[in-house]
Novice: 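Pasting in a structure now, in structure tokens, and then I'll have a few things to ask.
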Amino acid sequence: MMIGGHAILSKRWTTAALGWLGVIAIVLLAATAARAESPSIERVRTDLERFIAERVDAEPSAIELPELRAFDFDVSRAPGELRTELSTRSAMPFHGRVAITVALFVGDQLVKRAVVSPYVRLSDRVVITARALRKGDVIAQGDLAYSDRDRAESPGDAVRDLEAMVGLRAKRALAGDQLLREGDFEPMPVVERGDRVMLVLQSGALMIQATGQAKERGAAGDWIRVVNLDSKRELTGRVDRDGRVHVAF
């Protein structure tokens, strides 16, 4: 009985295993069928990828094509060579979602025309915060980091040069891992509004110095309004690194 029992048990396991093998075979066949494309779909896919690659200004990190089942055509129904005609009104160079009109021909016969919307993903190296920053924080190199983002999601004024940001001051509070924009920072001012400043009036070899008061904040290189405290006259001058304001006669 023990032998018979073992024989029965073995038979049961064999039946179950065959059942599972049948399921696996069906799954594999389905996966193979999903991967296999008709010649017409394969032609549309190849031509789309080439069309897109010719209209980007950088190597795409990914070209995401939608399903192309609409272009599945039994080529035995019409003689002739498969070819496509592609056109677009999307702005170039491509990035993000684009719209492409695809016309599929077999010989001279148009068999399908449709608009497809691929997504062109381009890697964009931008600068982000490595930690949260408060308004007024002076930026050190360790406060920032580079990150690769999708160019379609990056604003035109995104910061892409980390070194250029070091030494600037945050104009507002910024969260960690936040993409930075050029307007988020300002140069450190060397003159604050209300400061007493040295006014420098120079013409050739002649130089006159006077005491003034700044009417607005300014970093080195900025033009600001100042008042000559002797004449009470308001002037405009350019701030130098030492905080002096160079004004014209």
Side-chain angles (χ1 to χ4, degrees), residues 56-59 61 91-96 121-249:
V56 294
D57 62 355
E59 189 70 23
S61 56
M92 290 181 277
F94 286 164
H95 67 276
R121 192 175 301 278
L122 298 178
S123 181
D124 190 20
R125 194 184 192 213
V126 295
V127 179
I128 63 171
T129 50
R131 65 175 183 87
L133 298 174
R134 298 167 299 180
K135 179 180 179 180
D137 281 352
V138 179
I139 305 305
Q141 189 162 7
D143 295 331
L144 308 178
Y146 284 111
S147 177
D148 287 328
R149 302 287 175 95
D150 181 8
R151 184 183 297 184
E153 299 173 359
S154 300
D157 61 349
V159 175
R160 294 178 173 83
D161 185 356
L162 187 152
E163 298 294 336
M165 297 296 105
V166 175
L168 300 184
R169 184 170 69 175
K171 293 172 65 175
R172 60 188 181 91
L174 299 165
D177 196 37
Q178 180 171 337
L179 185 147
L180 302 182
R181 307 179 73 159
E182 293 175 0
D184 292 334
F185 302 94
E186 62 183 356
M188 281 291 295
V190 294
V191 173
E192 295 286 352
R193 186 176 185 274
D195 284 353
R196 288 202 169 204
V197 294
M198 177 67 69
L199 304 182
V200 179
L201 297 87
Q202 188 167 5
S203 178
L206 176 64
M207 184 175 71
I208 301 173
Q209 295 183 343
T211 302
Q213 185 177 44
K215 300 291 288 183
E216 52 194 337
R217 170 189 298 167
D222 288 346
W223 288 83
I224 64 171
R225 292 178 296 113
V226 292
V227 172
N228 185 321
L229 294 181
D230 292 330
S231 66
K232 307 304 180 185
R233 181 184 174 190
E234 185 173 295
L235 306 165
T236 300
R238 193 168 186 263
V239 181
D240 67 18
R241 293 182 179 180
D242 298 321
R244 297 177 302 177
V245 180
H246 296 256
V247 299
F249 282 99

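In this chain, residues are counted from 1 in sequence order.
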Novice: Where do Asp137 and Arg134 come nearest, in terms of heavy atoms and distance?
Specialist: OD2-N, 2.8 Å
Novice: In sequence, state the C-alpha distance, the side-chain angles, and the governing distance for Arg181 and Asp184, and then conclude on side chain to side chain contact (heavy atoms under 4.5 Å, CB included).
Specialist: CA-CA 6 Å; Arg181 307 179 73 159; Asp184 292 334; 3.8 Å; yes
Novice: Which pairs, with at least one residue in residues 139-148 and sequence neighbours excluded, count as a salt bridge (charged side-chain N to carboxylate O under 4.0 Å, His left out)?
Specialist: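 Those involving residues 139-148 are Arg131-Asp143.
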Novice: Compare every heavy atom of Val197 with every heavy atom of Gln213, then report the nearest pair and how far apart it is.
Specialist: N-CG2, 4.2 Å
Novice: Between Leu229 and Arg196, is a side chain to side chain contact (heavy atoms under 4.5 Å, CB included) present by the stated rule, with each step listed?
Specialist: CA-CA 9 Å; Leu229 294 181; Arg196 288 202 169 204; 3.7 Å; yes
Novice: At their closest point, which heavy atom of Leu174 faces which heavy atom of Thr129, and how far apart are they?
Specialist: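 For Leu174 versus Thr129, the nearest heavy atoms are CB-CG2, 4.1 Å.
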Novice: Show your reasoning for whether side chain to side chain contact (heavy atoms under 4.5 Å, CB included) applies to Asp124 and Arg160.
Specialist: CA-CA 9 Å; Asp124 190 20; Arg160 294 178 173 83; 2.8 Å; yes
Novice: How about Ile128 and Arg149: do any of their side-chain heavy atoms sit closer than 4.5 Å?
Specialist: yes
Novice: Hey, does Leu179 have a side-chain heavy atom less than 4.5 Å from the side chain of Ser147?
Specialist: no
Novice: For Val247 versus Gly237, what's the shortest heavy-atom pair and its separation?
Specialist: CG1-CA, 3.6 Å
Novice: Taking atom CD of Glu163 and atom CG of Leu144, what is their separation to the nearest 0.5 Å?
Specialist: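 Answer for the CD-CG pair, Glu163 versus Leu144, is 9.5 Å.
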Novice: For Asp242, is there any backbone N or O sitting under 3.5 Å from a side-chain donor or acceptor partner on Asp240?
Specialist: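 Checking the backbone N and O of Asp242 against the side chain of Asp240, a donor-acceptor pair under 3.5 Å is found.
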Novice: Applying side chain to side chain contact (heavy atoms under 4.5 Å, CB included), run through Gln209 and Leu199 and close with a yes or a no.
Specialist: CA-CA 5 Å; Gln209 295 183 343; Leu199 304 182; over 6 Å; no
Novice: Between Ala158 and Glu182, what is the shortest heavy-atom contact and its length?
Specialist: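 Looking at all heavy atoms of both residues, the closest pair is O-OE2, 4.4 Å.
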Novice: Would you say the side chain of Val239 lies within less than 4.5 Å of the side chain of Pro189, judging by non-hydrogen atoms?
Specialist: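 No; the side chains remain at least 4.5 Å from each other.
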Novice: Determine whether a donor-acceptor pair (N or O, by modelled atom type, separation under 3.5 Å) exists between the side chain of Tyr146 and the backbone of Leu162.
Specialist: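 Yes, the answer is positive, given that a donor and an acceptor are paired below the 3.5 Å cut-off.
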Novice: Can you measure from CZ (Arg121) to CZ (Arg151) and round to the nearest 0.5 angstrom?
Specialist: 13.0 Å
Novice: Is it the case that over 12 heavy atoms from other parts of the model lie below 6.0 angstrom from the CD atom of Gln141?
Specialist: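 No.
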Novice: Hey, does the side chain of Asn228 reach the backbone of Ser231 with a donor-acceptor pair shorter than 3.5 angstrom?
Specialist: yes
Novice: In Å and rounded to the nearest 0.5 Å, what is the CG to CZ distance from Leu133 to Arg169?
Specialist: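 The distance works out to 13.5 Å.
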Novice: Please tabulate, for the side chains in residues 214-224, all donor-acceptor contacts under 3.5 angstrom to protein atoms that are two or more places apart in sequence or on a different chain.
Specialist:
| unit_1 | atom_1 | unit_2 | atom_2 | d |
| --- | --- | --- | --- | --- |
| Glu216 | OE2 | Arg225 | N | 2.7 |
| Arg217 | NE | Glu192 | OE1 | 3.1 |
| Asp222 | OD2 | Ala219 | N | 2.8 |

Novice: Give me the atom names and distance for the closest heavy-atom approach of Ser61 to Ser123.
Specialist: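 So the minimum-distance heavy-atom pair works out to OG-N, 3.8 Å.
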